[in-house]
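Worksheet for the structure shown next.
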Number of protein chains: 2
Amino acid sequence: MYSIREQNKIQKRKCILDAAVQLFTRNGYEQTSIEELARQAGIGKGTIYSYFQTKKDILRAFCEDELEYIRSELTAKTSADASLKEQLLVIYLAEFRYVSRNKEFGRLLLQEKIFPQEHHGMEDFNIQNQYFELLYPIYEQAQKRGELRDDMELLHISGHFYALYLLVLSCWFNGMIPTEEIEQSLSTLIDQTITGLQKRSPAPEKV
Amino acid sequence: MYSIREQNKIQKRKCILDAAVQLFTRNGYEQTSIEELARQAGIGKGTIYSYFQTKKDILRAFCEDELEYIRSELTAKTSADASLKEQLLVIYLAEFRYVSRNKEFGRLLLQEKIFPQEHHGMEDFNIQNQYFELLYPIYEQAQKRGELRDDMELLHISGHFYALYLLVLSCWFNGMIPTEEIEQSLSTLIDQTITGLQKRSPAPEKV
DNA sequence: TAAAAAAATCGACTGTGGTCAATTTTTTTT
DNA sequence: AAAAAAAATTGACCACAGTCGATTTTTTTA
């Protein structure tokens, strides 16, 4: 049972986020002032800061919600019979599509997510872990089918693929990879990872 | 031959960076105002902005210089006989040590470097590429010794290892990996990359 | 060398993110 | 129901990043 107070809090938080979405998407993040945002949400400026610590947190909260939704949608859709590579591509490309839809948002979100401020702390840790766990079933399945080694920690495997995704994102933000080539790049890197960089057939001679 | 004007520009730029180093390291980046910085450098506030576009650019300029120096030192030192893994570890650990020495600087530097603003553009692209090329000899050498496949683009190989480094950095910033375990983590991931995540055929490989 | 042009310097000014003490609203106590 | 306590709200206020037109310094022209 929620008290009036708690009801209001929840509702007001939503008001702020709704106003943020509207203004951020219309005028951009930097171009939207907190005062404007407060006006649009129908509350005082100071009140915003009892719901969010910083301006970035507002953007982050919205993005996280959206991403969470996309992910839940996705796991339902991913076909379990597809190869590991295919499944990973579907997931990471969906994420990329989201992050790249608005470059400004994506950049700010990733900057905070990958190299966060001290004070956020534990939150991120959990979200990150949650996300990894989301992928675990896929890796486990791939292990069972013999697509992946089974003498490795899932966390390491998961991390490894995630690292590649990060790299591709970074290259895209730096203009080194155009949008059309993202899939190709990811695909190549996934292949590399699975196969390994080690020289194959002729047995390597020890020096 | 430098004109008086050009002489002054070079010197003044250095003044600003010197002042920045002093104040940033003493009081931190956030706690140092541009006015303070200008005073310390002995120039007007507005002048700073004809040398650097933003406050972050000042920090970045300093960090880049330092990093460039560390890298040049390093390539001279790295022993060419060591294994690929050993060489990579030396290089990436040196970088990590630098980035982690001051967490605040490191964070800001990486945020800008990995997910940069639009307007910086080409600069970063070149720096990134320069860095990759710095490592090329090491990979080529490893290919010749048969440690690495030689049917792969150096850029992809380079990128792949760089991705792992990024991941480890991110985990460190998120508090998922404590400083003492960085080497271990990197080491594991490098092994994984070289060997590949694929399940090896239980049947003995042809000798 | 004097005048004109170009470049560099400056600090008052602006807009904004974030704070905080005073005020209002809700809940608890008597 | 009234009083007291707790929580939420607010906008004036502050500090600071970044701008810009006025001023000074350097270079070029005549």
Side-chain angles (χ1 to χ4, degrees), chain A residues 1-20 23-24 26-62 104-105 107-109 111-112 117-120, chain B residues 1-20 23-24 26-62 104-105 107-109 111-112 117-120:
Chain A
M1 189 54 180
Y2 290 117
S3 63
I4 291 179
R5 185 172 280 169
E6 276 162 329
Q7 297 260 18
N8 281 347
K9 282 217 107 176
I10 291 169
Q11 191 200 322
K12 224 161 243 176
R13 195 190 136 96
K14 197 170 172 313
C15 277
I16 296 174
L17 282 180
D18 287 347
L23 294 180
F24 286 171
R26 194 196 310 151
N27 308 327
Y29 171 81
E30 304 279 8
Q31 281 65 46
T32 303
S33 73
I34 296 283
E35 280 197 21
E36 224 178 327
L37 190 57
R39 210 178 314 129
Q40 171 84 16
I43 58 176
K45 178 179 176 177
T47 308
I48 295 213
Y49 285 92
S50 66
Y51 289 85
F52 299 94
Q53 302 243 5
T54 68
K55 192 183 176 188
K56 269 186 190 165
D57 280 342
I58 302 172
L59 180 63
R60 195 231 283 267
F62 164 66
E104 191 190 13
F105 295 177
R107 201 190 77 241
L108 290 166
L109 177 67
Q111 283 189 345
E112 281 301 305
Q117 298 252 37
E118 201 77 66
H119 74 87
H120 284 120
Chain B
M1 189 55 179
Y2 289 119
S3 64
I4 290 179
R5 185 173 278 171
E6 277 162 329
Q7 295 260 18
N8 281 346
K9 280 216 106 175
I10 292 170
Q11 190 198 322
K12 225 160 241 175
R13 194 190 138 96
K14 197 172 173 310
C15 277
I16 296 173
L17 282 180
D18 287 348
L23 293 180
F24 286 172
R26 195 198 308 151
N27 309 328
Y29 171 80
E30 304 279 8
Q31 281 65 46
T32 302
S33 73
I34 296 284
E35 281 196 22
E36 225 177 327
L37 190 57
R39 211 178 313 129
Q40 171 86 15
I43 59 177
K45 179 178 177 179
T47 308
I48 295 213
Y49 285 93
S50 65
Y51 289 86
F52 299 94
Q53 303 242 5
T54 69
K55 193 183 176 188
K56 269 185 190 165
D57 280 343
I58 302 173
L59 181 63
R60 195 232 282 267
F62 165 66
E104 192 189 13
F105 294 178
R107 202 190 75 242
L108 290 167
L109 177 67
Q111 284 189 344
E112 282 301 306
Q117 299 252 36
E118 202 78 65
H119 73 86
H120 285 118

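All chains are named by letter (A, B, ...) in the order of the sequence lines, taking the proteins before the strands, and each is independently numbered beginning at 1.
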> Looking across every strand, which nucleic acid part, if any, lies under 4.0 Å from Phe52(B) by heavy atom: base, sugar-phosphate, or nothing?
Replying inline: nothing

Heteroatom pairs (N/O) under 3.5 angstrom, protein to nucleotides 23-25 of chain C:
none

> Which one, dC10(C), dA8(D), dG17(C), comes nearest to the side chain of Ile43(B)?
Replying inline: dC10(C)

>> Using only modelled atom types and a 3.5 angstrom limit, is any donor from either the side chain of Lys45(B) or the base of dA17(D) paired with an acceptor on the other?
In response: yes

>> I'd like to check the ring-ring contact (aromatic ring centres under 6.0 Å, His included) partners of Phe62(A); sequence neighbours left out, ordered by chain and number.
In response: none

> What nucleotide among dG18(D), dT9(C), dT9(D) has an atom nearest to a side-chain atom of Thr54(B)?
Replying inline: dG18(D)

> In whole angstrom, what separates Gln53(B)'s CD from dG18(D)'s P?
Replying inline: 10 Å

> Among the nucleotides dT10(D), dT9(C), dG18(D), which one has an atom lying closest to any side-chain atom of Tyr49(B)?
Replying inline: dG18(D)

> Measuring from Lys55(B):NZ to Leu59(B):CG, what's the distance to the nearest 0.5 Å?
Replying inline: 9.5 Å

> Which part of the nucleic acid, if any, lies within contact of Lys56(B), taking any heavy atom under 4.0 Å across all strands shown: a base, the sugar-phosphate backbone alone, or nothing?
Replying inline: nothing

> Mind checking what makes salt bridge (charged side-chain N to carboxylate O under 4.0 Å, His left out) contact with Lys12(B), not counting sequence neighbours?
Replying inline: none

> Between CD1 of Ile16(B) and CD1 of Ile48(B), what distance do you get to the nearest 0.5 Å?
Replying inline: 5.0 Å

> Which of the following nucleotides, dT9(C), dG18(C), dT9(D), is nearest to the side chain of Thr47(A)?
Replying inline: dT9(D)

>> Contact list please: residues 27-38 of chain B against DNA chain D, heavy atoms, distance less than 4.0 Å, in numerical order.
In response: Thr32(B), Ser33(B), Ile34(B)

> Which residues pass the salt bridge (charged side-chain N to carboxylate O under 4.0 Å, His left out) test with Glu36(B), sequence neighbours left out?
Replying inline: none

>> Ignoring hydrogens, what is the shortest heavy-atom contact between Ile58(A) and Ala20(A)? Give both atom names and the distance.
In response: CG2-CB, 3.7 Å

>> Could you work out, with ring-ring contact (aromatic ring centres under 6.0 Å, His included) as the rule, every residue matching Phe24(A), not counting sequence neighbours?
In response: Tyr29(A)

> If pairing requires Watson-Crick or G-U wobble contacts with both distances under 3.5 Å, which nucleotide is the partner of dT1(C)?
Replying inline: dA30(D)

